[in-house]
2 protein chains.
Amino acid sequence: MAALAGVSTGTVSKALNGRGSLHPDTRRRVQQAAEQLGFVANAAARSLHTGRTYTVGMITTDTIGRFSIPLLIGAEDALGAGRMSVFLCDARDDVIREQYYLRTLLSRNVDGIIVTGRRTQARAPIGAGLPVPVVYAFISSTDPDDCSVVPDEADGARRAVQHLLAAGRRRIAHITGPEHHHSATVRARAATETLAAEGLSLAAPVLYGEWSEAWGRQAADMLLSTATGVDAVFCGSDQIARGVAEALRDAGRDIPRDVALVGFDNWDVMVDASRPPLTSIDMDLEGIGRSAAELLLAAINGDPVHGPQMRPCRLIPRASTAMG
Amino acid sequence: MAALAGVSTGTVSKALNGRGSLHPDTRRRVQQAAEQLGFVANAAARSLHTGRTYTVGMITTDTIGRFSIPLLIGAEDALGAGRMSVFLCDARDDVIREQYYLRTLLSRNVDGIIVTGRRTQARAPIGAGLPVPVVYAFISSTDPDDCSVVPDEADGARRAVQHLLAAGRRRIAHITGPEHHHSATVRARAATETLAAEGLSLAAPVLYGEWSEAWGRQAADMLLSTATGVDAVFCGSDQIARGVAEALRDAGRDIPRDVALVGFDNWDVMVDASRPPLTSIDMDLEGIGRSAAELLLAAINGDPVHGPQMRPCRLIPRASTAMG
DNA sequence: AAACTGAAGGAAATCGATTGCCTGCACGCT
DNA sequence: AGCGTGCAGGCAATCGATTTCCTTCAGTTT
C-alpha cells in the first residue's frame with residue numbers, strides 16, 4: 001500500500017485521515033492507491049492506539065425480537081452516523097449468559113453498552129463500576145442514577161382513554177395482562193386515574209389475565225355476560241384487543257358502533273389483520289432506540305445524563321374507534 | 001496487572017493462555033491477580049497479533065426480524081461455543097447500505113460473514129473475491145459455488161400434502177402468496193407434484209395473492225363459492241391459513257371435520273391464536289442458523305463447503321388437522 | 001550569499017498482548 | 001569439583017496504524 005504510492009506508512013495515515021501537512025498531489029495519489037487496492041485500515045490496530053473501538057454492545061433479554069428489533073434499528077440509525085457498529089447479544093433471560101456476554105463485550109473494549117429487555121419493569125443494574133457507560137432502553141435500572149430511556153406507558157393509557165372519551169364513550173372496560181406485570185398495572189392505574197379526573201370510573205373491575213388473544217376472547221365473553229352497557233374496551237395489548245374483537249364479533253356486536261376498541265403496542269401484524277383494524281398506542285420503540293444511542297454517545301463523549309428519561313406515546317387511530 | 005503478580009507481561013500472557021512452561025504457583029498467582037483486577041485481555045491487541053478477531057458479521061435484509069432473529073439465535077449458539085461474537089447489520093433491502101456494511105465489516109476484519117434475508121430466492125453474491133468466507137443462510141446466492149443453507153421448501157410442501165392425504169383428504173386446495181415470489185411457486189409446484197404422484201390433482205387452481213390474513217379470508221370465500229367438496233386447504237403461510245380459518249368459521253364450516261388446514265412457517269403468534277390451532281410446517285430456522293454458523297467456522301478453519309445445502313422441514317400437527 | 005521560514009514527508013515510539021529465544025539457576029551425574 | 005540437563009521466566013520483536021518529532025529542501029529576506 002505504502003509502496004504503491006511511493007510514500008511511508010506514516011504519510012499514508014496522514015493522507016487518509018487528513019492530518020499533518022501534505023502536498024495535495026501526494027494526498028490524492030495515496031487516496032487513489034487506497035481505492036485501487038480496496039485498502040481499509042485495520043480497526044484493531046487503530047483502536048489499539050486510540051483506545052476507542054467505535055463499537056457498542058447491545059444486550060437484550062427479548063428472545064423474540066418483537067421489541068428489541070425496532071430498538072436495534074433506532075440505535076443503529078443514531079450510531080451509524082457515528083460509524084459505530086453494534087454487537088447484539090441475546091441473553092435469553094439467563095443471568096449467567098448475561099454476565100458472560102458482559103465480560104465478552106468488555107474484553108472487546110466496546111465504547112458503551114445498551115441494555116434492553118422485553119418488559120418495562122426496572123431491573124437490577126447489569127454491573128457496578130463498569131469501565132464504560134451503560135444506557136438502558138425500554139427497560140430501566142433500579143439504580144436511579146443509571147440512564148434509562150423508557151416509554152411513558154401511563155401517557156399511552158391516558159391517550160387511549162381520552163380518545164375513547166372524545167368519541168363519546170362513557171362505560172369503558174379494561175382488559176390486560178398479568179397483575180404481576182409492571183406494564184399491566186401501570187397502564188391500568190393510568191386508565192383508572194384518567195377516568196377519575198373526569199368523574200368517571202371503569203365500567204368493570206380491571207380484568208387481569210395473560211398477554212394472549214385467547215385471554216382477550218375469554219375476558220370479552222365475561223364482560224358480555226356480567227357487565228351491562230359497556231361501550232368501549234381499552235386493552236393492554238394488541239393481541240388481547242384482537243381476541244376481544246373476535247369475541248364481540250362472534251356475539252354479534254358491531255365495532256366500533258356498539259363497542260369501540262383500543263389496543264396497545266401498535267403491532268402491525270395484529271392491528272392490520274384484526275376486523276376491524278385496531279386503533280392502538282404506539283410506544284415509538286425506534287425513537288427510544290435512537291434516544292438511547294444518542295444518550296450513550298453523549299456519555300461516551302463525556303456528557304453523561306442520569307436518571308430515567310420518559311418518552312411519550314402516540315395514538316394511531318383506525319377503524320376500531322372510527323368516529324361518526 | 002503484571003506488577004501485582006510480580007512478573008513480566010510475557011509471563012502473564014503465558015499463565016493465562018496456558019503456554020510456555022511456568023511454575024504452577026506462578027500460574028495460580030497470576031490467575032488470582034487477574035481475577036482480583038477483573039483483568040480481561042484487550043481483544044484488539046490480541047487480534048492484531050493473531051490475525052483473527054473471533055468476530056463474524058451478519059448482514060440481513062429482513063427488517064422485521066421474524067426470520068432473522070431465529071437465524072441469529074441459531075448462529076449465536078454455534079458461534080458462542082467458539083467464543084465468537086456477532087455484528088448484526090440491517091441493510092434494510094438497500095444495496096448501498098449493504099455495501100456500506102460490507103466495507104465496515106471488512107475494515108473490522110471479521111473472520112467471516114453470514115448473509116440472510118426475508119425471501120428464499122437466490123440473490124446476487126454480496127461481493128466477489130472477498131478476503132473472508134461468506135455463508136448465505138435462508139437465502140441462497142446465484143453463484144452455485146457459494147455456500148448457502150436453505151430450507152427445503154418443496155420438502156415442506158410435500159409433507160403438508162402427504163399429511164392431508166394420510167388424514168383421508170382427497171380434494172385439496174392451495175392458497176398462497178404472490179406468484180412472483182419464489183417461495184410461493186416452489187411450494188405450489190411441490191404440492192401439485194406430490195398429488196400427481198398419487199394420481200390426484202388440486203381441487204382448484206392455485207390461488208396466488210398476498211402473504212396476508214385478508215387474502216386468506218378472501219381466497220377462502222372464493223373457494224367456498226366456486227369449488228365444491230374441498231376437504232382440505234394447504235396454505236402458503238400461517239397468516240393466510242389463519243385468514244382461511246376465520247372465513248371458514250364465519251361460513252359455518254368446521255375445522256378439521258369439514259375442512260382440514262395446514263399452514264407454513266409455524267409462527268407461534270399465528271398458529272396458537274388461530275381457532276383451531278394450526279398444523280404447520282416448520283423450516284427450523286434456528287437449525288439453519290446453526291448450520292450456517294458451523295459451515296462458516298469450517299470455512300474459517302480452512303475446510304470450505306461449496307454449493308447450496310438443503311435442510312428438511314418438519315410438520316407440527318395441531319388441531320386444524322386432528323385425525324379421528 | 002548567509003540566514004531564516006515553513007512546507008513536505010520520513011523515522012521511530014507507541015498502543016497491548018503474544019511468542020520465540022535466551023539466560024540463569026538448581027539439581028544431578030561422573 | 002566440574003559439567004551437563006532442563007525448567008522457570010524475562011527480554012524483545014512483532015502485529016498495523018497513528019502521531020510526534022525531526023530532517024530536508026525550496027523559497028524568501030536582508
Side-chain angles (χ1 to χ4, degrees), chain A residues 1-55 83-85 103-111 131-132 300, chain B residues 1-55 83-85 103-111 131-132 300:
Chain A
M1 166 65 208
L4 178 64
V7 294
S8 73
T9 65
T11 305
V12 170
S13 172
K14 288 171 195 160
L16 296 179
N17 295 300
R19 305 286 164 82
S21 79
L22 298 182
H23 195 93
D25 286 349
T26 309
R27 205 176 286 270
R28 216 170 304 127
R29 209 170 63 248
V30 172
Q31 283 166 345
Q32 276 177 5
E35 191 82 28
Q36 188 183 328
L37 272 65
F39 175 90
V40 255
N42 181 322
R46 168 178 291 161
S47 92
L48 192 53
H49 193 268
T50 62
R52 283 197 49 183
T53 55
Y54 292 90
T55 286
R83 327 220 112 216
M84 304 187 73
S85 302
R103 296 178 70 111
T104 305
L105 290 176
L106 292 180
S107 85
R108 291 188 183 280
N109 284 55
V110 292
D111 294 336
V132 296
I300 290 171
Chain B
M1 166 63 208
L4 177 63
V7 295
S8 74
T9 65
T11 305
V12 169
S13 172
K14 287 170 193 161
L16 297 178
N17 295 299
R19 305 289 164 81
S21 78
L22 298 182
H23 193 93
D25 287 350
T26 310
R27 205 175 285 271
R28 214 170 305 127
R29 207 169 66 246
V30 172
Q31 282 166 346
Q32 275 178 7
E35 191 81 28
Q36 188 182 329
L37 272 66
F39 175 89
V40 255
N42 181 323
R46 168 178 291 160
S47 92
L48 192 53
H49 193 267
T50 63
R52 286 199 46 186
T53 54
Y54 291 91
T55 287
R83 329 216 113 220
M84 305 189 71
S85 303
R103 297 178 69 110
T104 305
L105 290 176
L106 292 180
S107 85
R108 291 186 184 281
N109 283 52
V110 292
D111 294 334
V132 296
I300 291 171

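Numbers restart at 1 for each chain; the letters A, B, ... are given by sequence-line order, proteins then strands.
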To the nearest Å, how far apart are [X] [atom1] and [N] [atom2]?
X: Arg108(A); N: dG16(C); atom1: CZ; atom2: P; value: 18 Å
X: Leu22(B); N: dG20(C); atom1: CG; atom2: P; value: 14 Å
X: Arg52(A); N: dT14(C); atom1: CZ; atom2: C1'; value: 19 Å
X: Leu16(B); N: dG16(C); atom1: CG; atom2: P; value: 16 Å
X: Tyr54(A); N: dA17(D); atom1: OH; atom2: P; value: 16 Å

(message) Apply side chain to side chain donor-acceptor pair (under 3.5 Å) to residues Ser107(A) and Thr104(A) and explain how you reach the verdict.
(response) CA-CA 5 Å; Ser107(A) 85; Thr104(A) 305; 5.8 Å; no
Measuring from the side chain of [X] (C-beta onward, heavy atoms only), which nucleotide among [options] has the closest atom?
X: Asn17(A); options: dT18(D), dA11(C), dA8(C); answer: dT18(D)
X: Arg19(A); options: dA17(D), dT19(D), dT19(C); answer: dT19(D)
X: His23(B); options: dA8(D), dA8(C), dG10(D); answer: dA8(D)
X: His49(A); options: dG9(D), dG10(C), dT14(C); answer: dT14(C)
X: Asn42(A); options: dG10(C), dA17(D), dT18(C); answer: dA17(D)
X: Lys14(B); options: dA11(C), dT18(D), dG9(D); answer: dG9(D)

(request) Quick one: pull up OG1 in Thr53(A) and CZ in Arg108(B) and give me the separation to the nearest 0.5 Å. (result)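 CZ of Arg108(B) is found 7.0 Å from OG1 of Thr53(A).
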(message) Show the nearest heavy-atom pair for residues Ile300(B) and Asp111(B), with the distance to one decimal.
(response)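 Between these two residues, the closest heavy atoms are CG1-O, 3.3 Å.
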(request) Can you see which heavy atom on Ser47(A) is nearest to which on Arg52(A), and at what distance? (result)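 Shortest heavy-atom separation between Ser47(A) and Arg52(A) comes out as CB-O, 2.9 Å.
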(request) Kindly calculate the angle separating the two end axes of the helix from dA1(C)-dT30(D) to dT30(C)-dA1(D), each obtained from five base pairs, and round it to 10 degrees. (result)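 Between the first-five-pair axis and the last-five-pair axis there is 70°.
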(request) Look at Ser13(B) and dT18(C) and indicate whether a side-chain polar atom (N or O) is within less than 4.0 Å of OP1 or OP2. (result)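 Answer yes for this pair, as a side-chain N or O of Ser13(B) is under 4.0 Å from OP1 or OP2.
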(request) Return no unless some side-chain N or O of Thr11(B) is found under 4.0 Å from OP1 or OP2 of dG10(D). (result)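 Checking dG10(D) against Thr11(B), a side-chain N or O does come within under 4.0 Å of OP1 or OP2.
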(request) Assign each of Ala43(A) and Pro24(B) to its nearest nucleotide of DNA chain D by heavy atoms, then name whichever residue's nucleotide is nearer the 5' end. (result)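 Taking each residue's closest nucleotide, the earlier one in sequence belongs to Pro24(B).
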(request) Report the residue (Leu48(B) or Arg27(B)) whose heavy-atom-nearest nucleotide on DNA chain D is the more 5′ of the two. (result)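 The residue closer to the strand's 5' end, by nearest nucleotide, is Arg27(B).
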(request) Check whether any side-chain heavy atom of Tyr54(A) lies under 4.5 Å from a side-chain heavy atom of Met84(A), and answer yes or no. (result)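 Side chain of Tyr54(A) against side chain of Met84(A), heavy atoms only: contact under 4.5 Å found.
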(request) Under 4.0 Å between any heavy atoms, over every strand shown, what does Thr26(A) touch: base, sugar-phosphate, or nothing? Just pick one. (result)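 Thr26(A): backbone/sugar contact only, no base atoms under 4.0 Å.
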